[in-house]
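Encoded as structure tokens, the structure appears first; notes follow it.
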Amino acid sequence: MTEVAATSALPGRAEVMLADRFELRVHRGAALTGEDELAAFIGGAAGALTLLANPVSRTVLERCPQLKVVGNVAVGYDNVDVAAAAECGVWVTNTPDVLTEATADLAWALVLAVTRRLGEAEEYLRSGRFRGWALDLLLGTGLQDKRIGIVGYGRIGRAVARRAVASGMEVACSDREPVAGADPPARQLPLDELLATSAVVSLHAPLDASTHHLLDERRLRLMPRGAVLVNTARGPLVDEAALVRVLESGHLGGAGLDVYEHEPEVHPGLLRRRDVVLLPHCGSATHETRAAMAELAAANVIAVLEGREPPAPVVRGR
Ligand code: GLV
């Protein structure tokens, strides 16, 4: 019987979908973060369901010659060596669309949490310091009539834009592709100009060699004084040490981060700051969305192993 390996327990109906058709083994312990342990677990499987923490490197792919499809349970796939997969004839699939709204909700929550100082406000109350309403208590910054600069105007970027429009913001974006006709419409600007003119910048670009440290110190300093950076995409898009320096210099108004350069480590300079809201990479973390992601990943793997086109291909295999 065809073997399928899932590197984590899968929510929703995903495990049943796979176990009905294949010999399914599921890793239920700590995440497989090493190449050796990952290759040993995938072993002779024809299909693997993987997470962002699993390094599906060339070494792993070469050590698993029976592998036909990697079903990454995520929209991002920077944990997979896609060039090596293409060379090895292994399909790679991802889980777009089903997580768009949940991730945009979380990005928007971070925009509000930073600009309205929600973390500080909650800590203030819980520590027993709240003595009643006051005109000058925990004032934040309004969003209305200000510009949000969305870096990467794909599905999630546009979903964040819809939330920004509903809050009375003007939307501008930068993207590698022309965004004419996108909904909602956004003024497309070169990245430097976008950064220099936005009160809030939200990152929604994929991580690859061309976007690593897209926001380096020079670009962070282009942002207007008091501007806010939100990152729910991938940590290495931002030079995290530079971000700490720019925050410490008082240039930025704060940051809301769900992802980190060296995840799960968080720069100690960020942990110290009260103008920074930090979340543990939970953009798509709703019950509904995680079930939909796992089921889409399972549908991808099933389609390939049954000789059909998968719903969400990234790399076409053999
Ligand atoms: C999560 O970060 C994802 O890429 O789905």
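Whatever order the structure lists them in is the order used to number ligands and atoms, beginning at 1. Basis for what follows: all heavy atoms, side chains included, without hydrogens, waters or symmetry-related copies.
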- [ ] Indicate whether any N or O donor in one side chain lies under 3.5 Å from an N or O acceptor in the other, for Asp258 and Asn231.
- [x] no

Task: Any side-chain donor near an acceptor of the partner, Glu240 and His262, under 3.5 Å - done: no

Open item on the list: Working to the nearest 0.5 angstrom, can you tell me the gap between Ile150 CD1 and Leu194 CG?
Closed with: 9.0 Å

Open item on the list: Tell me if the CZ atom of Arg116 is crowded by more than 12 foreign heavy atoms within 6.0 Å.
Closed with: no

TODO: Consider only side-chain N and O atoms of Glu263 and His281, and report whether a donor and an acceptor are under 3.5 Å apart.
DONE: yes

Output, or 'none' if empty, a list of ligand 1-protein atom pairs in which both atoms are N or O and the distance is under 3.5 Å, rounded to 0.1 Å.
| unit_1 | atom_1 | unit_2 | atom_2 | d |
| --- | --- | --- | --- | --- |
| ligand 1 | 2 (O) | Arg234 | NH1 | 2.8 |
| ligand 1 | 2 (O) | His281 | NE2 | 2.7 |
| ligand 1 | 4 (O) | Val75 | N | 3.4 |
| ligand 1 | 4 (O) | Gly76 | N | 2.8 |
| ligand 1 | 4 (O) | Arg234 | NH2 | 2.7 |
| ligand 1 | 5 (O) | Val75 | N | 2.8 |

Open item on the list: How about CD on Glu265, more than 12 heavy atoms from neighbouring residues, nucleotides or ligands closer than 6.0 Å, or not?
Closed with: no

